[in-house]
Each structure stands twice: as structure tokens, then as C-alpha cells.
Amino acid sequence: MTSEKELKKNDMIRIEIDDISSEGEGIGHFNGYTLFVKDTITGDIVDVKIMKMKKSYGYARLIHLITPSPIRVEPKCPIARQCGGCQVQHMDYKEQLKYKENKVKNCLTRIGKFDKEYIDSIMEPIAGMEEPFYYRNKAQFPVGRDKDGKVVIGFYASRTHTIIDTAHCYIQAKINEEIIERVKVFIEKYNITTYDEENHTGLVRHILTRVGFVTGEIMVCLILNGDDIPHKDKFIDSLTDIEGMTSISLNINKEKTNVILGNKVVTVWGKPYIVDYIGDVKYQISPLSFYQVNPVQTKVLYETALDYAGLEGDETVWDLYCGIGTISLFLAKKAKKVYGVEIIPQAIEDAKMNGKINGIENAEFFVGAAEEVLPAKYKEEQIYGDVIVVDPPRKGCDEGLLETIIKMNPKKVVYVSCDPATLARDLRYLNDNGYNLKKIRAVDQFSHSTHVECVALLEL
Ligand code: SAH
């Protein structure tokens with residue numbers, strides 16, 4: 001064990017973990033020097049080996065867990081440590097929720113410079129899951145072969161593209177296990193080639209599945225480095241008797257890329273989409289559509305947004321960064337008019353179609369960057385908004401967009417966010433320009449990961 005002040009690579013030291021990084025690594029200190037240690041959590045006392053050192057911080061590897069943290073639990077999943085999917089399954093779920101809530105609070109006070117007591121007084125308790133397992137409705141399993149040529153299907157090991165062969169995932173819909181086993185048997189029986197990333201050879205790259213949690217409809221899409229699959233009928237036959245099977249398709253991706261899906265989809269059996277509901281709004285989902293992955297918590301998220309919007313029926317509402325119009329359609333039933341804006345044209349086509357299949361006529365959608373469409377519609381057509389909802393990607397809102405929102409003077413702004421740091425930055429800007437932060441609630445959409453979703457209400 002090292003006792004001197006100066007650390008160097010390969011030293012073994014004992015430290016206590018006192019925090020967790022936003023990526024889920026434990027953080028400990030040795031003579032004031034910060035170390036990140038994967039697979040550890042607050043309260044663990046651990047022996048670690050120094051792997052990499054930078055000027056003000058370094059990385060160490062867990063060698064022995066000397067005293068486990070009181071909030072540590074045995075992960076359900078036997079490969080939780082190797083797999084890149086979950087980061088904090090070894091933390092008690094209630095503690096995961098506390099950790100996420102604190103993460104939001106810290107961002108609001110440190111980055112947003114909001115008063116801590118004020119935040120404590122307005123923050124609503126985090127919405128956690130009752131059963132934080134088997135919650136995902138979408139899975140993408142890489143397909144390959146191990147060094148003995150055996151077919152492997154499962155998940156990438158953390159930070160690598162090595163496939164861990166496993167059919168059972170504790171956060172995915174349970175039916176995936178059956179689907180994977182059947183596809184594996186098919187590939188082995190007919191000796192179908194599997195994709196080799198390095199050499200860009202072989203056919204089957206990934207299996208994409210989607211499950212409608214309300215409807216029970218199932219979609220399987222095989223992603224190919226080629227145009228078709230040999231013995232296609234046998235492939236289809238191997239899946240159709242699974243209860244709920246609704247759509248089987250091939251996705252063509254012949255590029256040498258680690259982007260999973262190509263642009264072309266060929267439906268080979270059933271419908272080109274599945275249908276699912278959030279609340280009483282119906283959505284058609286195709287292999288390429290963006291759709292929230294945790295339907296149970298998405299409902300909580302949207303209901304919170306709807307509650308914060310406080311609609312009475314005569315409002316004009318903007319839903320910026322609207323994706324396939326999920327929030328817009330959720331709000332449309334309670335508003336006079338909803339305008340949705342989204343940068344991806346295909347998503348707007350889906351949004352329009354989803355409006356149609358629900359018989360919603362008071363929602364209108366525009367393709368474009370929110371920071372360009374909103375100012376243009378406001379200046380050129382004098383379209384106002386009583387309530388403006390934003391749900392931006394992780395980088396948050398463009399400052400120009402926030403300026404336009406302030407000029408438009410809506411009564412309320414509802415901010416849905418997947419990154420508390422940029423949320424805090426944008427809330428500060430809005431707060432300095434006349435919008436008071438009234439309520440905020442975190443929603444756990446991604447149990448066992450370090451991600452946290454939030455909804456905030458600002459009022460003029
Ligand atoms: N509100 C939707 C989607 C949120 S994800 C839902 O709940 O399902 C964020 C969306 O913002 C993505 O669909 C992304 O394509 C879109 N986006 C990214 N940058 C944008 C921009 N500058 N203007 C408009 N939309 C944008």
C-alpha cells in the first residue's frame with residue numbers, strides 16, 4: 001500500500017468513496033487527489049489500483065471491496081458489472097432515486113445559482129418506479145460470433161464492442177429472451193453469417209425489438225449488411241407464433257459505421273408498425289421512429305407536464321422539440337390549439353399521422369429548428385402562445401430561442417429536460433428575465449442508469 005503523498009500508476013491504495021460522478025463512477029480522494037472508480041458507490045471502502053493519472057484527477061480500478069456501503073445491494077443481473085447497459089444496479093433502488101434527486105438539486109444550486117432552501121420548498125418528490133425492472137419497450141441486440149464461431153447475441157461490454165452473450169436482460173421486456181433464442185437457433189441452423197465490424201463482412205448485424213406495453217404488439221426488425229436474408233420464410237416462421245407478433249421487418253445497413261439502423265426498412269410479415277398508447281393517446285411506431293423507451297414513466301412525465309401547464313381549454317400551446325408529437329397530442333385534448341416543432345422531417349410525418357389516427361384536429365406541426373421556426377412564426381404571423389413547452393436534447397435550449405420565448409410573454413413555460421445541468425442553466429436565464437421557477441419534479445425514466453428526467457414549471 002502506498003503511503004507517500006505522490007501517487008503513481010499501478011499503486012495500490014485504500015480509499016473511501018464519497019460521491020458518484022454523473023457517469024456513475026464512484027469518486028474517492030487520496031491526499032486531496034480525486035480518483036474515479038467504476039463499480040463503486042458512496043460509502044464503499046475499497047482497495048484500488050491506479051490505472052491512469054491526469055493533473056487534477058485520475059482513474060483507478062476496484063480490486064477489493066473491503067467494506068461495502070450500507071446502500072449497496074446484490075445486482076439482480078449476473079452480468080451487471082461487465083455490461084454497459086446499467087451503471088448503478090448495485091445501488092439500492094430507493095438510494096438511486098435519492099441520488100438522482102440530489103443530482104438535480106445540486107445542478108439547480110451550483111449551476112442555476114438558485115437558493116437551496118427555495119429549491120427544497122418547491123421541489124416535488126421524485127417519481128420512481130414501483131417495479132424498476134423489465135421496463136424498456138425497445139432493445140437493440142448486437143449479433144456476432146465468438147472466437148470458436150459460436151453465435152453470440154446480447155449486449156456490448158462497458159466501453160467496448162465485445163458482445164456478452166445473454167438473452168435475459170433485467171430491464172428489457174421479458175419476451176425478448178424468447179425472440180433472441182429463436183433468432184439464434186435460426187442463424188445457427190441455416191448457417192447465416194453474422195456481421196464482423198472490423199472487416200465489414202457478414203450479414204446479420206443487430207436485432208431490434210419493440211413491444212407495445214399497453215397493446216401487447218411486438219415488432220422484430222433484423223438489421224442486415226445486405227439486401228435480404230437467406231431462408232427468409234424459415235426466419236418468419238420461427239417468430240410468427242409468438243403471441244402478439246405484429247410486425248417483422250428487415251433494415252438494410254450496408255455502411256461501415258457503428259450507427260445501428262440504416263434508412264431502408266422492408267416489412268416481410270405483418271404490419272410496418274406496431275401501435276401503443278400513452279394514457280389514451282395512440283401512437284404508431286415503426287422501426288425508425290423515435291419513441292420514449294419507458295412507457296410507464298413517460299405517462300408520469302407527460303401527466304406532470306400537463307398538470308404544470310394547467311390548461312383550461314382556451315390556450316394556444318407550443319410544444320418545441322416535439323419528436324413524433326407525443327406531448328403535443330397529450331396536451332391537445334385540453335387546449336384550443338397546439339403547435340409542435342421538430343427538426344427531423346420523418347418525425348413530423350409521424351406526428352401528423354398520430355394526430356390523424358387519434359382524430360385530433362387542433363394540433364399543427366412544423367419541420368425546422370425551434371430557434372428558427374418560433375421567432376419566424378411570432379414575427380411574420382403574430383402567433384403567440386399562452387403556454388410554451390420545451391423538451392430539448394441534452395445540450396438544452398438555444399439562447400436565441402429563450403430570447404424569443406421571453407419576447408412572446410407566455411404565462412407559463414413548462415421545461416421537460418433529460419439533462420439537469422443544461423436545465424439549470426436555462427432556468428437561470430428564464431428566471432433572470434421574469435419567469436419564476438414554481439415547481440420542479442424529477443422522474444426516473446431509466447432505472448439503474450445515472451440518467452434523470454425533469455419537468456419544471458415557470459410562471460411570468
Ligand atoms: N418531446 C418528444 C421528443 C424529445 S427528444 C418526446 O417526448 O417524445 C428531443 C427532440 O428534439 C428530438 O426529437 C430531436 O430530433 C429534436 N431536436 C433537436 N434539435 C432541435 C432543434 N434545434 N429544433 C427542433 N427540434 C430539435
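Everything quoted here is computed from the prediction, not taken from an experiment. First listed ligand is number 1; within each ligand, the first listed atom is number 1.
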Within the structure, is a non-hydrogen atom of Tyr302 found at a distance of less than 4.0 Å from ligand 1?
yes

Does ligand 1 have a heavy atom under 4.0 Å from the side chain of Tyr291, from its backbone, from both, or from neither?
neither

In the protein, what heavy atom is nearest to atom 22 (N) of ligand 1, and what distance, to one decimal place, separates them?
Glu371 OE1, 3.1 Å

Hey, does Pro393 come in under 3.5 Å of ligand 1, counting only N/O atoms on both sides?
no

With the threshold set at 4.0 Å, does a side-chain nitrogen-carboxylate oxygen contact exist between Lys395 and Asp419?
no

Just so I know, are the side chains of Arg210 and Ile285 near enough to count as touching, which here means a heavy-atom distance under 4.5 Å?
yes

Please write down residue, atom name and distance for the protein heavy atom closest to atom 25 (N) of ligand 1.
Ile343 N, 3.3 Å

Identify, for atom 23 (N) of ligand 1, the protein heavy atom at the shortest distance, and state residue, atom and that distance.
Ala370 N, 2.8 Å

Closest to atom 12 (C) of ligand 1 among protein heavy atoms sits Glu342 OE1, 3.5 Å

Go through the side-chain N and O atoms of Ser238 and Arg182 and say whether any donor and acceptor fall under 3.5 Å apart.
no

Which residue owns the protein heavy atom closest to atom 9 (C) of ligand 1, what's the atom, and how far is it?
Asp391 O, 3.4 Å

Work out whether the distance between some heavy atom of Gly368 and some atom of ligand 1 is less than 4.0 Å.
yes

Can you sort out which atoms of ligand 1 are near Ile344, meaning under 4.0 Å from one of its heavy atoms?
15 (O)

Can you label the angle between the Phe366 ring and the Tyr339 ring as parallel, tilted or perpendicular, going by 30° and 60°?
parallel

Between Asp319 and ligand 1, is there a nitrogen or oxygen pair with a distance under 3.5 Å?
no

For ligand 1, indicate whether the residue Cys322 contacts it via side chain, backbone, both or neither (heavy-atom separation under 4.0 Å).
backbone

If you draw the axis of the six-membered ring of Phe133, does the NZ or CZ of Lys76 fall within 45° of it and under 6.0 Å from the ring centre?
yes

Would you mind listing which atoms of ligand 1 come within a distance below 4.0 Å of any non-hydrogen atom of Phe290?
3 (C), 8 (O)

Which residue and heavy atom of the protein sit nearest atom 11 (O) of ligand 1, plus the separation
Tyr321 CB, 3.4 Å

Would you call Lys98 and Glu95 a salt bridge, using N to O less than 4.0 angstrom?
yes

Nearest to atom 8 (O) of ligand 1, what protein heavy atom do you find, and at what distance?
Thr326 OG1, 2.9 Å

Applying salt bridge (charged side-chain N to carboxylate O under 4.0 Å, His left out) between Glu364 and each of Lys336, Lys352, Lys337, report the one that passes.
Lys337

Working to the nearest 0.5 Å, report the span between CG of Asp444 and NE2 of His451.
11.0 Å

Gln292: numbered ligand 1 atoms lying under 4.0 Å from its heavy atoms
6 (C), 7 (O), 8 (O)

Lys/Arg N to Asp/Glu carboxylate O, Lys299 vs Glu303, below 4.0 Å
yes

Taking the six-membered ring for Trp, are Tyr170 and His168 parallel (under 30°), tilted (30 to 60°) or perpendicular (over 60°)?
tilted

